[in-house]
Every structure is written in structure tokens, then in C-alpha cells.
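The next block holds one structure in the form of C-alpha cells; read it before the comments.
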Amino acid sequence: VRSGYHGKTASGQSVGVYEEARGLVWIRWDHSTSRAQQPQLHSHVTVLNRAETVSDRVIRALASRGFKPIKQAADAIYTKVFEERLVASNGVAFATREDGRAREIVGFSTQLLAKASSRNADVTARREELIQQFEQAHGRAPSPVERKQMDVAAWRETRQAKNYVETPRQQVSNWAEPV
């Protein structure tokens with residue numbers, strides 16, 4: 001957490017202090033499917049932006065810069081333990097994907113994985129449409145910043161609404177039946 005004033009003073013220095021805290025409050029939601037009702041085992045965690053300062057027991061806001069590496073470490077530990085539990089309970093094996101961006105269970109065909117991951121294809125197709133529209137309108141390729149804006153727009157435009165009608169078990173069953 002941070003205490004004191006963290007803006008610049010007349011001398012140009014910050015007089016705020018970063019302090020050790022305890023009592024982090026968080027809640028986790030487990031999900032088994034994506035918005036497209038495809039299998040996607042994942043969790044969401046929300047952390048309250050407050051904790052108790054060890055030195056004086058005052059509740060203060062988390063220091064976002066200092067908390068980022070803690071958040072990344074917690075995510076790494078959670079992911080590792082989750083993976084270990086799935087291995088122990090289901091006898092599966094994990095490996096890092098070829099693109100290096102995630103780990104997944106080994107042994108599924110690329111066709112089945114593609115069928116279970118239509119989101120990337122949807123976003124990619126929409127992004128390509130936006131790029132073509134941009135090039136036609138402006139007579140040039142989009143800059144890296146403009147491409148990033150198109151990535152975000154494609155992600156938002158292709159994002160499905162959540163389905164609260166069917167249970168997660170029924171969603172997985174609906175997906176698996178034709179496969």
C-alpha cells in the first residue's frame with residue numbers, strides 16, 4: 001500500500017512511502033465454458049483495492065505498480081497448482097502451446113482444438129475486414145497504433161453475450177455432442 005503524498009512537491013520529489021500490507025480480500029469465480037459455450041476451464045479473481053498497513057493497521061489503497069508483480073506471481077502459482085490438480089485427478093499431461101502464449105492439455109487433435117476455439121478465428125476475420133476497410137478509405141496500411149485499435153474493435157464486436165439459460169454442464173454437453 002502507499003501512505004503519504006505521492007505527487008511531486010515543490011522540490012520535485014515525492015514524499016510518499018510504500019508500506020507492507022496484509023489482509024488482501026479477493027473472490028474467485030470458476031467457469032467451465034466460454035461465452036460461445038465452448039469448453040474453457042478458467043477462473044476470474046477480483047481483488048479489493050484495500051489492505052491493512054502492517055506498521056499502523058490503517059486500511060489503505062493498494063499501490064498498483066507495486067501490486068502488479070504480486071498479481072502476476074499469484075496468477076502463476078494458481079495456474080501451476082490448478083494444472084497439478086488436474087494432472088493428479090485426471091491423469092492428463094500439459095505442455096506449452098507452440099505459440100508460447102499458454103499451456104494446454106496434450107493429446108487433442110488440432111481440428112478438435114480449432115472447433116473448441118472459434119473465438120480467435122472470429123476476431124481474426126473481423127480484424128482483417130477492418131484492415132481492408134481502412135486501406136480502402138485511406139489508401140494506406142494502418143499504423144501499429146491503428147492496428148491495435150482495430151484489434152480491440154474486432155475483439156469487442158465479435159464478443160458474444162453471456163448465456164445464463166443453460167448450465168455449464170449442459171453447455172459442454174451441447175458442444176461435445178456433435179463433435
Side-chain angles (χ1 to χ4, degrees), residues 26-47 49 62 64-179:
W26 56 275
I27 187 167
R28 184 186 84 219
W29 292 269
D30 293 330
H31 295 262
S32 57
T33 58
S34 67
R35 288 173 181 252
Q37 278 69 66
Q38 296 169 330
Q40 185 188 54
L41 196 55
H42 65 287
S43 299
H44 296 271
V45 177
T46 300
V47 175
N49 186 25
L62 297 177
S64 59
R65 285 188 198 151
F67 187 68
K68 186 175 182 178
I70 294 167
K71 181 176 87 168
Q72 292 168 333
D75 177 58
I77 292 166
Y78 174 79
T79 301
K80 181 170 178 27
V81 170
F82 192 62
E83 183 178 306
E84 288 171 351
R85 287 190 177 175
L86 284 174
V87 168
S89 65
N90 295 291
V92 296
F94 279 79
T96 302
R97 291 189 332 207
E98 287 183 23
D99 64 9
R101 299 180 76 192
R103 291 179 55 79
E104 56 190 19
I105 297 173
V106 174
F108 292 99
S109 70
T110 54
Q111 295 83 4
L112 182 61
L113 290 174
K115 202 167 181 73
S117 305
S118 63
R119 179 89 170 107
N120 188 51
D122 294 344
V123 172
T124 300
R126 180 62 183 141
R127 180 181 56 239
E128 293 307 315
E129 289 173 7
L130 292 171
I131 290 170
Q132 286 179 356
Q133 291 170 5
F134 181 93
E135 289 174 349
Q136 289 173 356
H138 300 285
R140 64 175 176 82
S143 71
V145 170
E146 291 164 333
R147 282 186 66 93
K148 180 64 176 169
Q149 291 169 340
M150 290 176 207
D151 286 343
V152 171
W155 178 84
R156 281 197 179 117
E157 291 173 18
T158 58
R159 190 173 190 219
Q160 295 181 13
K162 291 183 177 181
N163 177 350
Y164 297 107
V165 177
E166 295 177 336
T167 66
R169 186 177 304 271
Q170 185 59 48
Q171 291 172 1
V172 172
S173 179
N174 291 346
W175 174 84
E177 216 169 281
V179 175

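Residues take their numbers from the sequence shown, with the count starting at 1.
With sequence neighbours left out, R28 forms a side-chain hydrogen bond (donor to acceptor under 3.5 Å, both in side chains) with D30. By the salt bridge (Lys or Arg N to Asp or Glu O under 4.0 Å) test, D75 pairs with no residue at all, sequence neighbours left out. Not counting sequence neighbours, R65 has no partner by the salt bridge (Lys or Arg N to Asp or Glu O under 4.0 Å) test. Taking E83 as the reference, R103 meet the side-chain hydrogen bond (donor to acceptor under 3.5 Å, both in side chains) condition, with sequence neighbours excluded. Partners of T110 according to the side chain to side chain contact (heavy atoms under 4.5 Å, CB included) rule, which considers only residues two or more places apart in sequence or in another chain, do not exist here.
In this structure, the side chains of F94 and L86 come closer than 4.5 Å at one or more pairs of heavy atoms. Contact of the V45 side chain with the W29 side chain is not registered, since no non-hydrogen atoms from C-beta on lie closer than 4.5 Å. The closest side-chain heavy-atom distance from E166 to N174 is below 4.5 Å. At least one side-chain heavy atom of L130 sits less than 4.5 Å from a side-chain heavy atom of Q133.
Ring geometry for H31 versus H42: interplanar angle under 30°, hence parallel rather than tilted (30 to 60°).
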Go through I105 and N90 one step at a time and tell me if the side-chain contact (heavy atoms from CB on, under 4.5 Å) criterion holds. CA-CA 11 Å; I105 297 173; N90 295 291; over 6 Å; no
Verify salt bridge (Lys or Arg N to Asp or Glu O under 4.0 Å) between D99 and R101, making sure each step is shown before the conclusion. CA-CA 6 Å; D99 64 9; R101 299 180 76 192; 5.0 Å; no
One pair to check against side-chain contact (heavy atoms from CB on, under 4.5 Å): Y78 and S43. What are the steps and the verdict? CA-CA 10 Å; Y78 174 79; S43 299; 2.5 Å; yes
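The structure places CG of L62 at 4.5 Å from CG of N49, a figure rounded to the nearest 0.5 Å. Atom CD in E104 sits 9.5 Å away from atom CD in E98 (nearest 0.5 Å).
A donor atom on one side chain and an acceptor atom on the other are found under 3.5 Å apart for R119 and T158.
Residue pairs that meet the salt bridge (charged side-chain N to carboxylate O under 4.0 Å, His left out) test with at least one member in residues 133-144, sequence neighbours left out, are R140-E146.
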